[in-house]
Q: 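Sharing a structure, written as structure tokens. Questions coming.
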Amino acid sequence: MSSLALGREPKEHTIKFENPVFETDLNVTIRNGPKWADTLGLGDVLEWGDPYGMYGRVVGVAYVSLEEAPSALLELNHDPACRTREGLKATLDRLYGLSKRRMVTVILFNLRQWVS
């Protein structure tokens, strides 16, 4: 259920990207572990200090095993090196160490620009 539907005000979160290659609308980032699944709500804002004033508005969050993450969402990953299961696994293993059953948070967000 949407955090907005529950009367919760959207929250702002600072997030870091190793290789931010964004599409003009829907984007996906896949994060190791449950931190973001436990923190984010629909409608929340992701900020990363973009010099052009871009930010992300969260439109979906799922906590799944890496094996269960839909291939169609992997293909939308912001990092071209992580758009296959093998590429994402290699990146996560490099950043966080090896894992036999890795759990990930899939975050869908729309790219937006702050209006001055």
Side-chain angles (χ1 to χ4, degrees):
M1 179 170 276
S2 167
S3 58
L4 297 176
L6 296 174
R8 176 182 165 280
E9 288 295 317
K11 296 180 181 177
E12 293 183 7
H13 307 272
T14 300
I15 192 167
K16 294 182 180 179
F17 291 99
E18 186 170 300
N19 188 19
V21 179
F22 299 121
E23 299 298 324
T24 56
D25 195 24
L26 183 64
N27 288 270
V28 171
T29 185
I30 301 176
R31 302 296 166 132
N32 188 61
K35 172 188 166 187
W36 290 101
D38 294 342
T39 304
L40 290 176
L42 298 180
D44 282 2
V45 171
L46 300 174
E47 295 183 290
W48 52 90
D50 186 84
Y52 303 105
M54 303 305 289
Y55 69 95
R57 178 75 68 181
V58 176
V59 296
V61 179
Y63 184 62
V64 297
S65 71
L66 179 57
E67 294 76 27
E68 295 171 328
S71 296
L73 292 181
L74 292 177
E75 292 170 7
L76 296 174
N77 198 302
H78 69 88
D79 185 341
C82 298
R83 291 182 181 164
T84 65
R85 201 168 315 281
E86 297 75 22
L88 178 58
K89 182 180 181 325
T91 297
L92 292 173
D93 286 348
R94 178 176 51 79
L95 294 172
Y96 301 103
L98 298 177
S99 176
K100 289 185 180 184
R101 179 164 162 74
R102 184 175 306 280
M103 297 298 292
V104 296
T105 301
V106 180
I107 305 168
L108 288 80
F109 64 96
N110 285 328
L111 195 62
R112 297 288 181 253
Q113 186 166 25
W114 294 114
V115 178
S116 306

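Each residue takes its place number in the sequence, starting with 1. All values derive from a computational prediction rather than experimental measurement.
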Q: Go through the structure and list residues passing side-chain hydrogen bond (donor to acceptor under 3.5 Å, both in side chains) with Arg83, not counting sequence neighbours.
A: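 Per chain and number, Arg83 pairs via side-chain hydrogen bond (donor to acceptor under 3.5 Å, both in side chains) with no residue.
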Q: Does any pair with a residue in residues 56-77 pass ring-ring contact (aromatic ring centres under 6.0 Å, His included), and if so which ones, sequence neighbours excluded?
A: none
Q: Run the side-chain donor-acceptor check on residues 17-24: report pairs under 3.5 Å with partners two or more places apart or on a different chain.
A:
from, atom 1, to, atom 2, distance (Å)
Glu18, OE2, Arg94, NH2, 2.8
Asn19, ND2, Asp79, OD1, 3.0

Q: Using atom types as modelled and distance alone, determine if a side-chain donor or acceptor of Ser65 lies under 3.5 Å from a backbone N or O of Met103.
A: no
Q: Give the minimum heavy-atom separation between Arg85 and Ser71, together with the two atoms involved.
A: NH2-OG, 3.1 Å
Q: Among residues at least two apart in sequence or on other chains, which ones pass side chain to side chain contact (heavy atoms under 4.5 Å, CB included) with Thr39?
A: His13, Lys35
Q: Of the options Arg8, Glu12, Glu9, which is the one that meets Asp44 in a side-chain contact (heavy atoms from CB on, under 4.5 Å)?
A: Arg8
Q: Please list, chain by chain and in numerical order, all residues satisfying side-chain hydrogen bond (donor to acceptor under 3.5 Å, both in side chains) with Thr14, sequence neighbours excluded.
A: none
Q: Trp48 and Ile15: which non-hydrogen atoms are nearest, and at how many Å?
A: CB-O, 3.2 Å
Q: Could you list the cluster mates of Val106? Members are the ILVMFWY residues connected by side-chain heavy atoms closer than 4.5 Å, either directly or through other members.
A: Leu26, Val28, Ile30, Val59, Val64, Leu66, Leu73, Leu74, Leu76, Leu88, Leu92, Leu95, Tyr96, Val104, Leu108
Q: May I have all residue pairs that pass salt bridge (Lys or Arg N to Asp or Glu O under 4.0 Å) and include part of residues 45-60, sequence neighbours excluded?
A: none
Q: For Asn32, give me all partners under side-chain hydrogen bond (donor to acceptor under 3.5 Å, both in side chains), at least two apart in sequence or on another chain.
A: Arg102
Q: Mind checking side-chain hydrogen bond (donor to acceptor under 3.5 Å, both in side chains) for Thr29 and listing every partner two or more places apart, or none if nothing turns up?
A: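 Scan of Thr29 (side-chain hydrogen bond (donor to acceptor under 3.5 Å, both in side chains), adjacent residues dropped) gives Arg31, His78.
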Q: Checking Asp38 now: which residues fulfil side chain to side chain contact (heavy atoms under 4.5 Å, CB included) with it, not counting sequence neighbours?
A: Pro34
Q: Restricting to side chain to side chain contact (heavy atoms under 4.5 Å, CB included), what partner residues turn up for Glu86, sequence neighbours left out?
A: Thr84
Q: Return the set of residues passing salt bridge (charged side-chain N to carboxylate O under 4.0 Å, His left out) with Arg112 (not counting sequence neighbours), or none when no residue passes.
A: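 Residues passing salt bridge (charged side-chain N to carboxylate O under 4.0 Å, His left out) with Arg112: Asp25.
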Q: Supply the atom-to-atom distance Asn27 CG to Phe109 CZ, rounded to the nearest 0.5 angstrom.
A: 4.5 Å
Q: Locate the shortest heavy-atom distance separating Pro10 from Gly43; write the atom from each residue and the value.
A: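 For Pro10 and Gly43, the tightest heavy-atom pair comes out as CB-O, 3.3 Å.
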